[in-house]
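Comments concern the structure below.
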Amino acid sequence: MPPVGAAPLTPAASFVTGITSTPEQRSTERLAARILGLLLPHRRAADPEFDARPEHFPFQLAQLAGYIDAGEPIVFTLPGFPCKSPNPAKVLGHLPDEGERLSLTFLDELCARIGRIHPPGARILICSDGHIFGDLINVADAHIDAYSDELTAMIDREGLRHLDTFDLRAVLGELPYDEKRARVHERYAPSVEELREQVLTEQETLQLYRGITRFLTEDTTGFPGTRSALQRECRRRAYGVIQRSRAWGELIGEQHPRAVRLSIHPQPVGAAKFGIRLLAAADAWMTPWHSAVLHRPDGRWELLRNEEAARLGRLVERDGRPSHYESR
């Protein structure tokens, strides 16, 4: 992908002061709002009851304006696509399947739509975060490598020319993964004490902590202790996952300082990150790497737990591997 330039962000004046002073700035403002309007139907919201409109996202509008004024391709970063859940009740296996293919295709098409109104185009950098917390979610680094490599191969096979991938190997090379994690944690992670205070005082952090704790509890198999002991262990690990996720976000921001930050987690209006929904799911926290895909008779694709999708559909294979379910 083209490198992200080091030029400072230069938002249109109206996004900062509310005053539009030139026709060029008015044109930039309108185009930034149109681009954000393409994202809004797919917003993963922490406040779904709110009638969100482009003007409610001044941070993202200013970032988009910087690219528009510079006549450059818009770069989005999306931390996610880490690895498959280790729980076979939730997923079909440890490699990307139809859920990832559909999600990547959607993201590529979103960039293509942006390119039709902003000729320099748009790109999304998939910042695969599996290695950053693989030891905390009990997924082997070899499985994470296999998932990430297949994700890159899938992008190439499907001709998704607006997408690129980025993971720990891109910044720390061939160091052992434990050392990579330690270096990133030491340099970028907030303290546990800081996070505990945020969980007590910030609703968004509390919801994130609860959501990650739930995923860790669901994804843990073969735990030898009691249910209450498992929950205590997962609450402890949840703080570690949040620490590492925050560290990964800081590293991405350092590597790509002007990029518009997307998130697979629900985000409130006005946040520095824009939450984006990849596929339809009843659970706002569900992702392709925590589920399987069911193809409904009306043509819809829906994310469900593997065991539920298996009850409702028949298994379909692609390239000799389980891919998704077709409704019976």
Side-chain angles (χ1 to χ4, degrees), residues 44-48 79-94 99 128-144 147 177-178 181-182 184-186 188-249 263-268 275 281-292 294 302-312:
R44 178 168 279 184
D47 46 7
F81 294 86
C83 56
K84 286 292 194 181
S85 162
N87 184 351
K90 297 176 72 173
V91 297
L92 284 165
H94 72 274
S128 186
D129 49 3
H131 284 301
I132 200 70
F133 44 64
D135 57 324
L136 295 171
I137 61 175
N138 295 327
V139 176
D141 286 310
H143 277 191
I144 297 171
Y147 178 93
Y177 281 116
D178 284 340
R181 285 187 278 266
V184 174
H185 187 108
E186 180 180 359
Y188 299 103
S191 68
V192 172
E193 292 74 23
E194 183 180 347
L195 289 182
R196 289 188 192 280
E197 178 64 23
Q198 291 176 8
V199 167
L200 291 174
T201 59
E202 299 176 5
Q203 185 65 24
E204 181 185 348
T205 305
L206 175 62
Q207 290 176 343
L208 179 63
Y209 169 71
R210 287 174 172 171
I212 291 175
T213 300
R214 175 166 65 92
F215 279 133
L216 290 173
T217 303
E218 292 174 350
D219 288 0
T220 300
T221 57
F223 186 77
T226 64
R227 178 73 176 179
S228 59
L230 172 61
Q231 290 174 335
R232 286 194 301 272
E233 167 68 11
C234 290
R235 285 194 291 268
R236 180 191 65 79
R237 283 192 282 141
Y239 279 109
V241 171
I242 297 173
Q243 282 182 293
R244 304 273 186 84
S245 295
R246 295 272 180 91
W248 185 233
S263 174
I264 53 90
H265 294 142
Q267 300 292 328
D283 184 341
W285 290 84
M286 188 170 284
T287 66
W289 45 93
H290 280 102
S291 59
L294 177 68
E302 184 178 4
L303 296 175
L304 297 169
R305 286 173 63 92
N306 182 42
E307 57 187 5
E308 183 179 358
R311 181 174 57 83
L312 297 172

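Numbers for residues simply follow the sequence, beginning at 1.
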Can you list the steps and then say if Val184 with Arg244 is a side-chain contact (heavy atoms from CB on, under 4.5 Å)?
-> CA-CA 8 Å; Val184 174; Arg244 304 273 186 84; over 6 Å; no
Any chance you could lay out the side-chain contact (heavy atoms from CB on, under 4.5 Å) test for Asp219 and His290, step after step, and finish with the verdict?
-> CA-CA 9 Å; Asp219 288 0; His290 280 102; 3.4 Å; yes
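Between Glu218 and Lys90, some side-chain heavy-atom pair lies under the 4.5 Å cut-off. Side-chain atoms of Glu204 and Gln267, non-hydrogen and from C-beta on, do get closer than 4.5 Å to each other. Proximity of Leu304 to Glu302: side-chain heavy atoms (C-beta onward) are separated by under 4.5 Å at one or more points. Counting heavy atoms from C-beta outward, Arg44 and Ser263 have side chains that stay 4.5 Å or more apart. Side-chain contact between Asn306 and Pro88: absent, with no pair of heavy atoms (C-beta onward) separated by less than 4.5 Å. With contacts defined as side-chain heavy-atom distances shorter than 4.5 Å, the pair Leu230/Arg227 qualifies. Between Arg311 and Glu308, some side-chain heavy-atom pair lies under the 4.5 Å cut-off. Residues Phe215 and Cys234 form no side-chain contact, since every pair of their non-hydrogen atoms from C-beta on lies 4.5 Å or further apart.
Stacking of Arg246 on the aromatic ring of Tyr188 is not recorded, the 6.0 Å distance cut-off and the 45° axial limit not both being met.
Smallest separation of non-hydrogen atoms from Val91 and Ser85: CG2-O, 3.2 Å. Considering all non-hydrogen atoms of both residues, Pro82 and Asp129 come closest at CB-OD1, 3.1 Å. Here the closest heavy-atom approach between residue Ser291 and residue Lys84 is recorded as O-NZ, 3.9 Å. Nearest heavy-atom pair, Glu197 versus Thr201, reported as atom, atom and distance to 0.1 Å: O-OG1, 2.8 Å. Taking both residues in full, the closest heavy atoms of Cys83 and Ile144 are given as CB-CG1, 3.9 Å, listed atom of the first, atom of the second, then distance. For Tyr239 against Leu195, the heavy-atom pair with the smallest separation is O-CD1, 3.6 Å.
Shown here are the side-chain hydrogen bond (donor to acceptor under 3.5 Å, both in side chains) partners of Ser191, two or more places apart in sequence or in another chain: there are none. Residues satisfying the ring pair (Phe, Tyr, Trp, His ring centres under 6.0 Å) test with His185, not counting sequence neighbours, are none. Annotation: side-chain hydrogen bond (donor to acceptor under 3.5 Å, both in side chains) contacts of Gln207 (sequence neighbours excluded): none. Residues meeting the ring pair (Phe, Tyr, Trp, His ring centres under 6.0 Å) test with Tyr177, sequence neighbours left out: His131. Under the side-chain hydrogen bond (donor to acceptor under 3.5 Å, both in side chains) criterion, Trp289 pairs with Thr287, sequence neighbours left out. In this structure, the side-chain hydrogen bond (donor to acceptor under 3.5 Å, both in side chains) partners of Arg236, at least two apart in sequence or on a different chain, are Glu233.
In this structure, Leu312 CG and Glu307 CD are separated by 11.0 Å, a value rounded to the nearest 0.5 Å. To the nearest 0.5 Å, atoms CG (Asn87) and CG (Asn138) are separated by 12.0 Å. Note that CZ of Arg214 and CZ of Arg210 are 12.0 Å apart. Values are rounded to the nearest 0.5 Å. For the atom pair CG (Leu216) and CD1 (Ile212), the distance works out to 7.0 Å, reported to the nearest 0.5 Å. Distance check: Ile132 CD1 to Gln243 CD gives 11.5 Å after rounding to the nearest 0.5 Å. The CZ atom of Phe81 lies 6.0 Å from the OH atom of Tyr147; values are rounded to the nearest 0.5 Å.
By the 30° and 60° cut-offs, the orientation of the rings of His94 relative to His143 is parallel.
Donor-acceptor pairing under 3.5 Å is recorded for the side chains of Thr220 and Arg237.
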